[in-house]
2 protein chains.
Amino acid sequence: MPVMESAPVTPRARPRNCAGLRVGPRRPDGRDQYTISEVVEFTGLSAHTLRWYERIGLMPHVDRTHTGQRRFTNRDLDWLDLVSKLRLTGMPVADMVRYAELVREGPQTFPEREELLTAHREDVRRRIDELRSTLDVLDYKIDLYADARRAAEREHERG
Amino acid sequence: MPVMESAPVTPRARPRNCAGLRVGPRRPDGRDQYTISEVVEFTGLSAHTLRWYERIGLMPHVDRTHTGQRRFTNRDLDWLDLVSKLRLTGMPVADMVRYAELVREGPQTFPEREELLTAHREDVRRRIDELRSTLDVLDYKIDLYADARRAAEREHERG
DNA sequence: CGCTTGCTTGGAGTGCACTCCAGGTCTCTA
DNA sequence: TAGAGACCTGGAGTGCACTCCAAGCAAGCG
């Protein structure tokens, strides 16, 4: 039986940069406190998703105001940038949670972190190769259809 | 709200070729009838998945024996190869079903098929760019950990 | 003949990653 | 001080792509 994994998540419906991440307003300098809706703007993640990430341990403890509202810092935004990139390349959420745990545990987990990222890098490289090989098939098929179309057009001109 | 799509499915636990497809026994020449379990061997898809593909209209009508068992042809296997490649690159099953419908409708759907594949090719190219940009981040992080590790090793030698 | 193995079906179940809901609190503006 | 709007929570719901189940049929073997 094939063991399947679900993977890349591709945000749509907004301008994207070359990495496919949404391009929101740039973070202002000189601030270190952001509401959840500001973070939604910056990261393109939904507020639901941000809260869910925190619940499952994918966020390194977010500050709160005295009334319990979240205040994200620049560090949090940096972390979310990394998480978004890893998600985009199909790293399962469970693996990212593991990585977040290792980060919380301190510098003695450097080797394990390195290992985790190296394994993922291999995965990404493999996927790039897969995609490229499919690109060849796609090119071939598209050429066939384009040829057929051009032949039909010539036919039409003549007839 | 981010609109997400679920995507590439990556078979594991068996040798893979550069396209990430499972490498099963090669199809024998001179045959044009295969049982479902032979197709499982050749494609790496599960029997469940093959039956499910047929149910949802992703297969171009599979032959049956007089007792109702499926007999797949070489054409079916070729089609499954294409489908596997498209799945691997994250084409949603619904889009592939659409493509299968167009194929069933005949040559007058060439333009729409070309369009569909061209759009998907753009998607694949974008994803390759995404992956490459993440590879840079990964390289950077891994280098940091590797530097730390080497520094610790030198420390250990000296002390 | 009974047993095993492989196949059939419709429909239910699974896992992942969100996504939403109801009901409540807090803050801000008029 | 009233109302709008942003935020909070736990838990339920959603969509996708499988994945499995139960019950039954058919072929081959000792």
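Just so we're on the same page: letters track the sequence lines, and every chain starts at 1. Since the model is a prediction, treat every value here as computed from it, not as a measurement.
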Of all residues at least two apart in sequence or in a different chain, which pass the salt bridge (charged side-chain N to carboxylate O under 4.0 Å, His left out) check with B:R64? B:E54
I'd like to know if [X] pairs up with [Y] as an ion pair, taking the criterion as any Lys NZ or Arg NE/NH1/NH2 lying under 4.0 Å from an Asp or Glu carboxylate oxygen.
| X | Y | answer |
| --- | --- | --- |
| A:E130 | A:R127 | no |
| B:R150 | B:D147 | yes |
| A:D136 | B:K85 | no |

Please determine if a side-chain N or O atom of [X] lies less than 4.0 Å away from the OP1 or OP2 oxygen of [N].
| X | N | result |
| --- | --- | --- |
| A:T49 | C:dA17 | no |
| A:Y53 | C:dA17 | no |
| B:S37 | C:dC7 | yes |

Calculate the interatomic distance between [X] atom [atom1] and [N] atom [atom2]; express it in whole Å.
| X | N | atom1 | atom2 | answer |
| --- | --- | --- | --- | --- |
| A:I36 | C:dC26 | CD1 | C1' | 15 Å |
| A:R51 | D:dG10 | CZ | C1' | 12 Å |
| A:L86 | C:dA17 | CG | P | 13 Å |
| B:M91 | D:dC16 | CE | P | 16 Å |
| B:E38 | C:dG6 | CD | P | 12 Å |
| B:W52 | D:dG15 | CH2 | C1' | 11 Å |
| B:L50 | C:dT9 | CG | C1' | 16 Å |
| A:E54 | C:dC18 | CD | P | 16 Å |

Those residues of residues 95-103 of chain B lying under 4.0 Å from DNA chain C by at least one heavy atom: none
Quick one: are [X] and [Y] in side-chain contact, heavy atoms under 4.5 Å?
| X | Y | answer |
| --- | --- | --- |
| B:L117 | B:Y99 | yes |
| B:R31 | B:N74 | no |
| A:F72 | A:M59 | yes |
| A:V39 | A:R70 | no |
| B:E112 | B:R98 | yes |

Taking side chain to side chain donor-acceptor pair (under 3.5 Å) as the definition, give me every residue that meets it alongside B:R75, ordered by chain and number, with sequence neighbours left out. none
Under a 3.5 Å cutoff, is there a donor and acceptor pairing between the side chains of B:D76 and B:T73? yes
Indicate whether the side chain of B:D81 and that of B:S84 have a donor and an acceptor atom separated by less than 3.5 Å. no
Contacts under 3.5 Å, N or O only, protein and nucleotides 10-14 of chain C:
unit_1 : atom_1 : unit_2 : atom_2 : d
C:dG11 : N7     : B:R55  : NH1    : 3.1
C:dG11 : O6     : B:R55  : NH2    : 3.2

Aromatic ring proximity B:F110/A:Y145, centre distance under 6.0 Å: yes
Are any protein N/O atoms closer than 3.5 Å to N/O atoms in nucleotides 21-23 of chain C? If there are, list each pair with its distance.
none

Within residues 57-76 of chain A, residues whose heavy atoms come under 4.0 Å of DNA chain D: A:R64, A:G68, A:Q69, A:R70
What's the spacing between B:H120 NE2 and A:L138 CG if we round to 0.5 Å? 5.5 Å
Nearest to the side chain of A:R87, heavy atoms from C-beta on, is which of C:dT19, C:dA17, C:dT8? C:dA17
